[in-house]
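Below is one structure, written out as structure tokens; the observations come after it.
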Amino acid sequence: QVQLVESGGGSVQPGGSLRLSCAASGFTFSNYCAGWFRQAPGKGREGVATVYRSGNTDYADSVKGRFTISKDNAKNTLYLQMNSLKPEDTAIYYCAADRGFACGTLWRRNWNGADYSGQGTQVTVSS
């Protein structure tokens, strides 16, 4: 059974850090492109970061220089290191993965239509 399970969310003060994890089961991350998207209350989905099979990455302008996406194929886990968090980063964060070769298109579509996505983890940034 294919499953993506996010963890690591929580509440943090502005300027703080969190590391999100996304554990995959039922498939191998190394054969997929993967990424993170988020959704804040009353707002649309926003793509946060993508890591391609090549290891190249893409980031939303709003998180560049603050967030880092990485993938540990041995652990079959995707990560999102989030530093210098801001209140506007408050959202539910989801991981997603796709076995196709249109990862750039998925990234531009904020990961809409990906093969798999998780249930999300809440991140709240507030003083």
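Sequential numbering from 1 along the given sequence is applied to the chain's residues.
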Is there side-chain contact between [X] and [Y], with at least one heavy-atom pair below 4.5 Å?
X     : Y      : answer
Ser62 : Lys86  : no
Ser21 : Lys75  : no
Val63 : Arg38  : yes
Val51 : Tyr32  : no
Thr50 : Trp111 : yes
Asp89 : Met82  : no
Phe29 : Thr77  : no
Trp36 : Glu6   : yes

Is there a path from [X] to [Y] through hydrophobic residues (I, L, V, M, F, W, Y) whose side chains come within less than 4.5 Å of each other?
X      : Y      : result
Tyr116 : Trp107 : no
Leu85  : Leu80  : yes
Phe67  : Val12  : yes

Return the minimal non-hydrogen interatomic distance between [X] and [Y], and the atom names on each side.
X      : Y      : answer
Ala40  : Thr90  : CB-O, 3.5 Å
Arg53  : Cys103 : NH1-SG, 3.9 Å
Ala74  : Asp72  : N-OD1, 3.0 Å
Ala114 : Ala97  : CB-O, 3.8 Å
Gly47  : Ala60  : O-CB, 3.3 Å
Ile69  : Tyr59  : N-OH, 2.8 Å

Rounded to the nearest 0.5 Å, what's the gap from [atom1] on [X] to [atom2] on [Y]? Could you check?
X     : Y      : atom1 : atom2 : result
Cys22 : Leu78  : SG    : CG    : 5.5 Å
Arg45 : Tyr94  : CZ    : OH    : 8.0 Å
Cys33 : Arg99  : SG    : CZ    : 11.5 Å
Leu4  : Asp115 : CG    : CG    : 10.0 Å
Asp98 : Asn31  : CG    : CG    : 12.5 Å
Lys71 : Cys95  : NZ    : SG    : 12.0 Å

Original post:
Considering residues, nucleotides and ligands other than Glu88, do more than 12 of their heavy atoms fall under 6.0 Å from its CD?
Top reply: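 Count over threshold, so yes.
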Original post:
Does Asn76 reach the main-chain N or O of Ser30 with its side chain, forming a donor-acceptor pair under 3.5 Å?
Top reply: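 No, because the side chain of Asn76 does not come within donor-acceptor range (under 3.5 Å) of the backbone of Ser30.
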Original post:
Does the Asn83 side chain pair with the main chain of Ser17, one donor and one acceptor, at a distance under 3.5 Å?
Top reply: no
